[in-house]
Amino acid sequence: MGPRTLRLYILETGVFYLEKKKEELEVDNKNLESYRHTAAHVMAQAVKRLYPGVKLGIGPAIENGFYYDFDLEEKIKPEALPRIEEEMKKIIAEDLPLEKEVLSKEEAYELLQKENEAYKLELLEEMEDGEQVTLFRQGEFFDLCRGPHLESTGKLKAFKLLSVAGAYWRGDERNKMLQRIYGTAFMDRKELKKYLFQLEEAKKRDHRKLGQELDLFSLHEEGPGFPFLHPNGVSIWNELTGYWRQLHQAHGYEEIRTPLILNEELWHQSGHWDNYRENMYFTRIDEDNYAIRPMNCPGGVLIFKSRPHSYREFPMRVAELGLVHRHELSGVLHGLLRVRSFHIDDAHIYMLPHQVTDEVLGVIHLAEEIYNTFGLKYRLELSTRPEKSMGSEEDWDRAEEALAAALKKRGLPYQLNEGDGAFYGPKIDFHIEDCLGRSWQLGTIQLDFQLPQRFNLTYIGSDGEEHQPVLLHRALFGALERFLGILVEHFAGAFPTWLAPLQVRFIPIGEKHQEYALKLCNELKQEGLRADVDDRDEKVGYKIRQAQKEKVPYMLAIGDREMEGGQVSVRHRHKGEAGQLNFARFKESLLQEVREKSLNTFLED
RNA sequence: GCUGGCGUAGCUCAAACGGUAGAGCAGGUGACUUGUAAUCACCAGGUAACCGGUUCGAAUCCGGUCGCCAGCUCCA
């Protein structure tokens with residue numbers, strides 16, 4: 001399920017709504033939904049007037065607006081949107097009442113046949129015979145629709161068409177691609193303006209833009225989907241992985257490392273060849289076929305199998321920060337959020353059947369701890385058996401129930417995402433949104449009864465017999481690359497001090513202050529802090545501006561006044577000038593802020 | 001992969017009609033010796049994504065390839 005359809009699903013099912021945005025916009029969702037749905041009808045009417053012969057797909061209200069799908073030979077260019085908007089304004093000026101009609105399936109069929117609406121007919125055919133069909137009319141236009149709607153087209157006040165894009169009929173890539181026009185509508189102009197402004201603001205947080213501005217990473221034609229991390233990006237990366245290691249060590253994990261390239265035979269055994277081949281890269285070594293790993297598990301399993309195990313060792317929590325490569329379709333690549341090579345903060349937990357619930361709960365707990373550290377808001381999904389999968393019905397049911405039970409035990413709300421599990425097992429996913437409200441999966445917890453069978457994993461139980469362990473795959477960051485991208489957007493590039501590539505910038509006022517600034521800077525570096533001195537021949541204002549743009553948390557001005565009293569003049573990137581502080585006190589406070597991974601500055605308001 | 005759009009200097013962007021590419025920032029040099037978001041001057045920077053075609057002449061028109069953007073499908 002893509003982000004867009006997911007949002008649609010969410011809206012339709014009412015499972016989840018983006019509280020934050022709802023509040024920000026201060027609108028009544030229920031009415032707004034029919035308002036936007038009506039806007040979709042008006043747009044369809046306008047398109048029908050301008051492009052005779054167009055066939056209608058569907059046109060629902062969605063989270064931030066609406067869309068309608070059209071089947072039309074002629075391409076609707078973005079330049080055509082203003083013309084469609086003009087026609088919509090005419091329809092609004094005509095103030096056509098929306099009239100509901102109830103008719104039989106047969107009557108509806110005849111009506112749609114006359115209009116040559118092939119897609120609507122297809123929808124109609126799926127309805128029960130003898131069922132009543134509702135239809136809404138406005139002027140010469142009508143649409144198969146449940147409603148509700150506004151009473152007349154004149155009630156529409158503020159709308160804007162935003163973009164055109166292709167969309168498969170019924171979301172199935174085997175079907176014809178229709179042309180979809182996206183738009184948004186609000187109760188009044190101010191709300192619309194505000195929304196459009198927010199859209200612009202959101203674009204400034206885009207990790208691709210900030211990633212370049214802050215010199216974090218880059219992407220090149222020579223390796224589409226294979227990100228290059230710059231020193232600043234690696235600096236953040238190292239803090240993240242350092243935190244990750246410390247956390248896992250504290251929670252009873254061991255860490256391993258396994259190869260990127262393994263014999264193809266292994267991937268036949270694991271089931272990847274049958275279920276995941278399209279996403280894999282292959283290579284040859286001497287006369288043999290090898291695969292670049294798309295997942296870390298088979299390699300980890302080989303370590304498990306390298307010696308016998310006792311039930312006393314369980315649960316065995318084995319982590320691996322593993323680089324994987326997956327061939328993703330070119331059209332889905334997206335900055336750091338969707339790439340072809342990425343590091344999974346993987347772990348495999350081998351355990352006894354009765355340990356499953358506790359281990360799942362333990363992982364959920366760990367995930368919560370991590371997300372809270374960054375102040376990230378997330379959403380849970382439980383994904384069940386997909387079409388392409390392996391294993392018995394009973395195994396799947398057992399695994400799905402185990403995951404659901406853990407969620408219920410914690411009392412966590414979640415959304416059921418049918419058919420979206422991994423090919424070897426169901427999963428609990430942690431989802432987070434990017435700056436434009438697109439949902440991305442980060443952490444995942446996957447129960448797997450297949451791999452232990454396929455690789456014949458065993459342990460010696462208390463009865464002295466061999467048994468098969470249960471395997472749990474899990475990732476918390478998900479992909480380090482994606483997590484980094486999400487963090488850039490979440491913090492709008494202004495990373496908390498513990499993560500910031502540069503934590504302190506010294507700004508000597510004149511040449512004579514440089515040496516002293518350098519000395520203080522080195523003192524901070526001795527403590528493991530990241531600091532530098534801007535000793536260029538520039539005015540203070542210029543250097544401040546530079547540091548602000550780089551989003552350095554602390555700027556320390558050093559001049560005569562500071563040199564005399566052992567003080568530093570502190571400026572914070574968000575709070576501005578913060579007056580003078582004793583340097584030793586500044587250092588201690590800073591160290592504490594970093595140690596605590598604080599999301600806020602130690603400076604008082 | 002599919003639909004549509006886009007690709008000009010490191011970055012952000014210009015240049016009616018097809019007439020031979022320009023600015024700001026960044027970079028370099030010099031001057032200034034700086035007190036909280038841009039000191040001044042000068043210099044250097046482009047095989048116009050790549051390949052081919054039309055034309056006397058292509059950044060501009062056409063075709064192909066690659067990449068990027070939005071969406072669809074798919075996914076960590």
Side-chain angles (χ1 to χ4, degrees), chain A residues 1-5 67 69 75-80 162-182 206 208-209 212-213 215 218-225 276 278-279 294-295 324 326-346 383 386 420 422 427 429-431 436 438 440-444 446 473 475-483 485-486 507-513 536-549 555-562 569-573 576-578:
Chain A
M1 204 183 288
R4 182 68 75 171
T5 42
Y67 69 78
D69 288 345
K75 299 298 174 204
I76 302 174
K77 298 266 170 73
E79 300 90 80
L162 298 173
S163 59
V164 210
Y168 299 109
W169 167 238
R170 316 203 87 177
D172 191 328
E173 62 180 330
R174 287 166 301 198
N175 288 340
K176 182 167 184 186
M177 185 162 268
L178 309 180
Q179 302 187 67
R180 174 174 297 177
I181 301 180
Y182 282 101
D206 192 311
R208 292 166 298 185
K209 185 176 158 69
Q212 183 185 64
E213 286 171 6
D215 201 14
S218 58
L219 290 154
H220 304 271
E221 287 201 15
E222 290 82 349
Y276 209 72
E278 292 77 41
N279 287 298
M295 295 187 195
V324 299
R326 297 183 185 175
H327 178 70
E328 302 291 347
L329 296 179
S330 59
V332 307
L333 267 23
H334 185 94
L336 288 182
L337 301 185
R338 190 76 184 271
V339 292
R340 284 182 174 149
S341 78
F342 54 98
H343 294 73
I344 301 178
D345 65 317
D346 227 330
S383 298
D420 212 29
K427 53 183 191 169
D429 293 332
F430 294 80
H431 287 256
L436 290 175
R438 294 174 289 214
W440 300 90
Q441 181 189 316
L442 293 182
T444 182
Q446 314 178 342
H473 310 245
L476 273 17
F477 289 139
L480 259 297
E481 286 78 356
R482 178 177 284 181
F483 195 76
I486 287 289
I507 299 177
I509 305 298
E511 208 177 323
K512 60 185 170 183
H513 311 117
R536 292 176 301 175
D537 261 4
E538 296 290 350
K539 293 193 169 173
V540 173
Y542 179 86
K543 298 183 187 178
I544 295 282
R545 178 180 160 79
Q546 201 84 52
Q548 284 286 155
K549 287 180 75 173
M555 290 153 266
L556 302 182
I558 307 290
D560 289 337
R561 298 202 289 271
E562 289 72 22
S569 279
V570 181
R571 181 191 170 92
H572 183 262
R573 65 183 169 199
E577 283 189 70

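Reminder, nothing fancy here: chain letters follow the sequence lines and each chain counts from 1.
A:Arg338 places no side-chain N or O within donor-acceptor distance of the main-chain N or O of A:Leu333, the cut-off being under 3.5 Å. Judged purely by atom type and a 3.5 angstrom limit, A:Asp345 uses its side chain to pair as donor or acceptor with the backbone of A:Leu476. Between the side chain of A:Arg326 and the main chain of A:Pro294, a donor-acceptor pair closer than 3.5 Å is present. A donor-acceptor pair under 3.5 Å is formed between the side chain of A:Gln179 and the backbone N or O of A:Ile76. Without hydrogens or angle criteria, A:Gln212 side chain to A:Lys209 main chain gives no donor-acceptor distance under 3.5 Å. Of the possible polar contacts, none joining the A:Arg536 side chain to the A:Lys543 backbone as a donor-acceptor pair under 3.5 Å is found. The backbone N or O of A:Asp560 lies less than 3.5 Å from a partner atom in the side chain of A:His513, making a donor-acceptor pair.
The aromatic ring of A:Phe342 stacks onto the base of B:A76, its centre lying under 5.5 Å from the centre of the six-membered base ring with the two planes under 30° apart.
The A:Ser569 side chain lies nearest to B:G35 when the options are B:C75, B:U3, B:G35. For A:Gln548, counting side-chain heavy atoms from C-beta on, the closest listed nucleotide (B:A37, B:U34, B:A70) is B:A37. Distance from the side chain of A:Pro78 is smallest for B:G5 among the nucleotides B:C32, B:G35, B:G5. Here the side chain of A:Arg571 is nearest to one of B:C2, B:A70, B:A37, namely B:A37.
Counting atom types as modelled, A:Arg208 pairs no side-chain N or O with a base atom of B:C68 as donor and acceptor under 3.5 Å. At a cut-off of 3.5 angstrom, counting only N and O atoms as typed in the model, there is a donor on one side and an acceptor on the other between the side-chain of A:Tyr168 and the base of B:G1. Counting distance only, with no hydrogens placed and no angle test, the side-chain atoms of A:Asp420 and the base atoms of B:C75 include no donor-acceptor pair under 3.5 Å.
Nucleic acid contact class of A:Leu178 (heavy atoms, under 4.0 Å, all strands): none. Counting non-hydrogen atoms under 4.0 angstrom, A:Glu222 reaches nothing in the nucleic acid. Within the nucleic acid shown, A:Gly541 comes within 4.0 Å of sugar-phosphate atoms alone, with no base atom in reach, counting heavy atoms only. Nucleic acid contact for A:Glu577: base, since at least one base atom lies under 4.0 Å from a heavy atom of the residue. At the heavy-atom level, A:Asp560 lies under 4.0 Å from base atoms of the strands shown. Residue contacts for A:Ala167: at a heavy-atom cut-off of 4.0 Å it reaches the sugar-phosphate backbone alone, with no base atom in range. Within 4.0 Å of A:Leu333, counting heavy atoms only, lie sugar-phosphate atoms of the nucleic acid but no base atom. Residue contacts for A:Ile344: at a heavy-atom cut-off of 4.0 Å it reaches no nucleic acid atom on any strand shown. Nucleic acid contact class of A:Lys543 (heavy atoms, under 4.0 Å, all strands): none. In this structure, A:Ala475 reaches neither bases nor backbone, as no heavy-atom distance under 4.0 Å exists between it and the strands shown. Within the nucleic acid shown, A:His334 comes within 4.0 Å of sugar-phosphate atoms alone, with no base atom in reach, counting heavy atoms only. A:Val324 comes within 4.0 angstrom of no nucleic acid atom, judged by non-hydrogen atoms across all strands. Using a 4.0 Å heavy-atom criterion, one finds that A:Asp429 contacts no nucleic acid atom at all. Counting any heavy atom pair closer than 4.0 Å across all strands shown, A:Lys427 reaches sugar-phosphate atoms only and no base atom.
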Item to check | Base-pairing string, 5' to 3', of RNA chain B - Watson-Crick or wobble, under 3.5 Å, | interstrand | outcome: (((((((..((((.....[..)))).(((((.......))))).....(((((..]....))))))))))))....
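Comparing A:Met555 and A:Leu329, the nucleotide of RNA chain B nearest to each residue sits closer to the 5' end for A:Leu329. Taking for each of A:Ser330 and A:Val540 the nucleotide of RNA chain B with the nearest heavy atom, the 5'-most of the two is the partner of A:Ser330.
Atom NZ in A:Lys512 sits roughly 7 Å away from atom P in B:U34 (whole-Å rounding). For the pair A:Leu162 CG and B:G5 P, the interatomic distance rounds to 18 Å; values are reported in whole Å. Atoms CD (A:Gln546) and P (B:U39) sit 10 Å apart, rounded to a whole Å.
Applying the 90° cutoff around 0 to the glycosidic angle, B:G45 is assigned syn. Regarding the sugar-base torsion, B:C17 falls in the syn class, its angle being within 90° of 0.
Comparing B:A41 with B:G5, their C1' atoms sit 43 Å apart, to the nearest whole Å. B:C61 and B:A14 are spaced 15 Å apart, taking the P atom of each and rounding to whole Å. Distance noted for atom C1' between B:A76 and B:C2: 23 Å (whole Å).
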Sort me out a list of protein N/O and nucleotides 8-14 of chain B N/O pairs below 3.5 Å, or just none if empty.
residue	atom	partner	partner atom	Å
B:C11	O3'	A:Gln212	OE1	3.2

